[in-house]
Peer 1: 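Okay, handing you the structure first.
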Amino acid sequence: MSQNVSELLGASMAKVREMVDANTVVGTPISAGDDTTLIPISKISFAMASGGSDLKPKAAASALPFGGGAGCGVKIVPVAFLVLQGERVRMLPITEPATSTADRLIEQIPELVDRINEMISQYRAEKKVDVDLA
């Protein structure tokens, strides 16, 4: 019986491999124009069950008949996009908004750092222009 159950599990896993590959988790890049590329990121979960039993033979058969089955469920959920803009990379989550203030602040840190860097770059550029004019 263990060989028959093993064959059922092997066939089920082969089908799961056909459905889910690395391109399912990290999707194919999507060009959004003006030097922007989106890469979808997904979460995959699956469940599997199988079982079987040797049945009593009705006649004097040489081998016990086997009855069994297997099932599998796969769930693919998009969770985020990687946004590539020039040399800048950001993660854009596809989730419900954070409920606590601390979670919202943590989610905004990358955007805040980018804005501060832009402000510093502008300030340096303006100071350089003022020095050149003087």
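Worth saying up front: this structure is predicted, and the values here are computed from it rather than measured. For reference, positions follow the sequence shown, starting with 1. Below, each value reflects all heavy atoms present in this structure, side chains not excepted, and no hydrogens, waters or symmetry copies.
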Peer 1: How would you list, by chain and number, every residue that makes a side chain to side chain contact (heavy atoms under 4.5 Å, CB included) with Leu112, sequence neighbours excluded?
Peer 2: Ile116

Peer 1: Partners of Glu87 by salt bridge (charged side-chain N to carboxylate O under 4.0 Å, His left out), sequence neighbours excluded?
Peer 2: none

Peer 1: Quick test of your reading: applying salt bridge (Lys or Arg N to Asp or Glu O under 4.0 Å), list the pairs with at least one residue in residues 32-48, sequence neighbours left out, ordered by first then second residue.
Peer 2: none

Peer 1: List the residues meeting side chain to side chain contact (heavy atoms under 4.5 Å, CB included) with Pro29, not counting sequence neighbours, and say none if there are none.
Peer 2: Thr37, Ile39

Peer 1: Applying side chain to side chain contact (heavy atoms under 4.5 Å, CB included), name anything that partners Leu92, two or more places apart in sequence or on another chain.
Peer 2: Phe81, Val83

Peer 1: Do Met91 and Leu82 come close enough that some side-chain heavy atom pair is under 4.5 Å?
Peer 2: yes

Peer 1: Any chance you could measure Gln122, atom CD, to Asn117, atom CG, to the nearest 0.5 Å?
Peer 2: 11.5 Å

Peer 1: Who are the side chain to side chain contact (heavy atoms under 4.5 Å, CB included) partners of Pro93, not counting sequence neighbours?
Peer 2: Thr95

Peer 1: Is Arg115 atom CZ crowded by more than 12 heavy atoms from other residues, nucleotides or ligands, each under 6.0 Å away?
Peer 2: no

